[in-house]
Amino acid sequence: MSALAHRRFLKMHGAGNAIVVLDLRGSTAQVRPEEARAIAQDPGSSFDQLMVLHDPVSPGTDAFMRIYNTDGSEAGACGNGTRCVAYAMLDDPAMARPAEGGRLVLETAAGRVGVRRISERAFTVDMGRPKLAWDEIPLSEPFPDTRRIELQIGPIDEPILHSPAAVNMGNPHAVFFVDRDPASYDLARIGPMLENHPLFPERANISIAQVTEREAITLRVWERGAGLTLACGTAACATVVAASRLRMIGRQAHVQLPGGELFVEWRADDHVLMTGPVALVAEGNLAPELFSGAA
Ligand SMILES: N[C@@H](CCC[C@H](N)C(=O)O)C(=O)O
């Protein structure tokens with residue numbers, strides 16, 4: 001039987017991004033990609049991202065997180081999921097540890113993120129520094145300036161989208177700035193082509209963004225490994241960094257996504273701070289049958 005059978009999980013969302021939190025601290029259990037896919041496919045535990053907690057690895061951290069997309073692939077960062085994890089680690093009766101205060105340091109394969117509670121159901125996450133060099137994003141060919149990279153989709157003389165910014169926020173992002181409502185683009189059709197474009201050797205999260213005011217951005221996101229989403233925290237961060245580098249905004253903005261709003265600030269010390277809500281939807285236990293055909 002899978003070591004995940006009967007494990008309790010929380011179903012949450014962060015600004016509409018569907019998140020499942022699974023606490024494996026205190027055990028050696030690991031989630032295999034096929035098990036993540038099986039959990040995602042069950043309506044009771046479906047998610048955009050599965051956030052799995054493991055015992056801390058580095059001194060000074062509270063937990064190690066592994067982050068799974070619906071296709072079983074792993075991500076180095078998930079902003080909305082990190083807020084949900086903070087809520088679970090601080091407030092959930094079964095997951096909270098008495099010694100923990102209103103701040104946490106969480107670690108992923110991509111590095112550390114600090115989380116601070118700002119109200120009962122809202123948290124600020126320090127997402128760390130963006131990586132902006134072409135080989136850090138990564139791109140498959142050199143671009144000295146990643147504020148605009150050479151990439152377009154559609155007819156050569158009349159592209160549908162072109163010249164995105166590329167940013168790594170713990171995961172790779174391409175952000176296309178447009179001057180009309182991002183909802184008017186067929187992202188469900190365009191997204192998969194761009195996600196898997198040869199320019200992105202690790203694939204990429206694809207965003208369409210419109211700067212509507214000096215501190216306001218409307219955003220729609222096609223997520224690597226998960227598809228269309230109601231909200232993506234790292235995409236909101238990548239978009240604010242990209243818009244700021246292009247002098248479209250200052251260093252902060254309210255980012256409006258279909259599922260809710262996030263506030264992002266790119267501080268002078270280069271750290272990107274993202275603030276947004278969390279909501280607890282349900283709790284449940286993983287049915288053993290889920291894993292009988294996990295492949
Ligand atoms: N929704 C997340 C980001 C999820 C990871 C992404 N699909 C990837 O594979 O990089 C967020 O809120 O940041």
Side-chain angles (χ1 to χ4, degrees), residues 1-14 17-40 42 44-70 72-117 120-128 170-171 225 233-234 278-288 290-291 294:
M1 193 195 304
S2 165
L4 305 180
H6 303 295
R7 287 270 181 184
R8 179 172 171 274
F9 66 85
L10 295 185
K11 193 157 175 176
M12 303 188 64
H13 73 74
N17 192 187
I19 302 291
V20 163
V21 181
L22 182 63
D23 186 4
L24 297 182
R25 288 175 296 170
S27 83
T28 56
Q30 298 281 336
V31 176
R32 290 180 285 124
E34 57 272 27
E35 292 175 316
R37 284 196 292 273
I39 297 169
D42 186 77
S45 55
S46 61
F47 59 77
D48 294 316
Q49 271 77 46
L50 170 66
M51 310 292 294
V52 183
L53 298 183
H54 293 282
D55 290 321
V57 172
S58 303
T61 60
D62 295 291
F64 189 86
M65 297 190 297
R66 288 182 73 179
I67 304 165
Y68 295 85
N69 292 312
T70 54
S73 62
E74 284 192 59
C78 175
N80 293 323
T82 301
R83 296 196 312 277
C84 294
V85 163
Y87 171 87
M89 287 180 67
L90 294 172
D91 283 8
D92 178 70
M95 293 189 196
R97 306 272 164 94
E100 282 159 2
R103 287 171 189 260
L104 294 167
V105 179
L106 302 165
E107 189 176 25
T108 72
R112 291 175 181 213
V113 288
V115 196
R116 175 168 53 97
R117 164 164 255 152
E120 197 189 341
R121 297 286 165 111
F123 292 86
T124 296
V125 185
D126 180 343
M127 300 294 298
N171 53 358
T234 48
V278 298
L280 178 60
V281 178
E283 61 175 86
N285 293 83
L286 296 173
L290 273 185
F291 307 108

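Just so it is clear, the model here is predicted, and its values are computed rather than measured. When reading the values below, keep in mind they use all heavy atoms of this one structure, side chains included, and skip hydrogens, waters and symmetry mates.
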Whether the side chain of [X] engages the backbone of [Y] through a donor-acceptor N/O pair (distance < 3.5 Å, no angle test) should be reported.
{"X": "Asn171", "Y": "Gly76", "value": "no"}
{"X": "Asp62", "Y": "Leu104", "value": "no"}
{"X": "Asn69", "Y": "Gly72", "value": "no"}
{"X": "Thr70", "Y": "Phe47", "value": "no"}

State, to 0.1 Å, how close [X] and [Y] come at their nearest heavy-atom pair, and which atoms those are.
{"X": "Asn17", "Y": "Cys78", "result": "OD1-SG, 4.4 Å"}
{"X": "Arg112", "Y": "Ser58", "result": "NH2-CB, 3.5 Å"}
{"X": "Val85", "Y": "Met51", "result": "CG2-CB, 3.6 Å"}
{"X": "Ser45", "Y": "Leu290", "result": "OG-CD1, 4.3 Å"}
{"X": "Val125", "Y": "Gly79", "result": "CG2-O, 4.2 Å"}

Any [X] side-chain heavy atom under 4.5 Å of [Y] side chain:
{"X": "His13", "Y": "Ile19", "result": "no"}
{"X": "Leu10", "Y": "Asp92", "result": "yes"}
{"X": "His6", "Y": "Leu286", "result": "no"}
{"X": "Tyr87", "Y": "Val21", "result": "no"}
{"X": "Arg116", "Y": "Arg103", "result": "yes"}
{"X": "Ile39", "Y": "Phe291", "result": "yes"}
{"X": "Arg7", "Y": "Ser27", "result": "yes"}
{"X": "Asp91", "Y": "Arg117", "result": "yes"}

Going through the checks in order, is the side chain to side chain contact (heavy atoms under 4.5 Å, CB included) test met by Val57 and Glu107? CA-CA 8 Å; Val57 172; Glu107 189 176 25; 3.7 Å; yes

Mind checking the [atom1]-[atom2] spacing from [X] to [Y]? Nearest 0.5 Å is all I need.
{"X": "Ser46", "Y": "Lys11", "atom1": "OG", "atom2": "NZ", "answer": "3.0 Å"}
{"X": "Phe64", "Y": "His54", "atom1": "CZ", "atom2": "NE2", "answer": "8.0 Å"}
{"X": "Leu4", "Y": "Leu24", "atom1": "CG", "atom2": "CG", "answer": "6.0 Å"}
{"X": "Leu22", "Y": "Glu35", "atom1": "CG", "atom2": "CD", "answer": "10.0 Å"}

Which residues satisfy the salt bridge (Lys or Arg N to Asp or Glu O under 4.0 Å) test with Asp23, sequence neighbours excluded?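 In terms of salt bridge (Lys or Arg N to Asp or Glu O under 4.0 Å), with neighbours along the sequence ignored, Asp23 is linked to Arg25.
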
Using side chain to side chain contact (heavy atoms under 4.5 Å, CB included), reason through Asp126 and Thr124 one step at a time and then give a plain yes or no. CA-CA 7 Å; Asp126 180 343; Thr124 296; over 6 Å; no

Could you walk me through whether Thr82 and Leu106 pass the side chain to side chain contact (heavy atoms under 4.5 Å, CB included) test, one step at a time? CA-CA 8 Å; Thr82 301; Leu106 302 165; 3.9 Å; yes

Carboxylate-amine/guanidinium contact Glu283 Arg8, below 4.0 Å: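 Yes, this pair counts.
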
Under the side chain to side chain donor-acceptor pair (under 3.5 Å) test, residues paired with Arg66 that sit two or more places apart: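 Partners of Arg66 under the side chain to side chain donor-acceptor pair (under 3.5 Å) test: Gln30, Tyr68, Glu74.
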
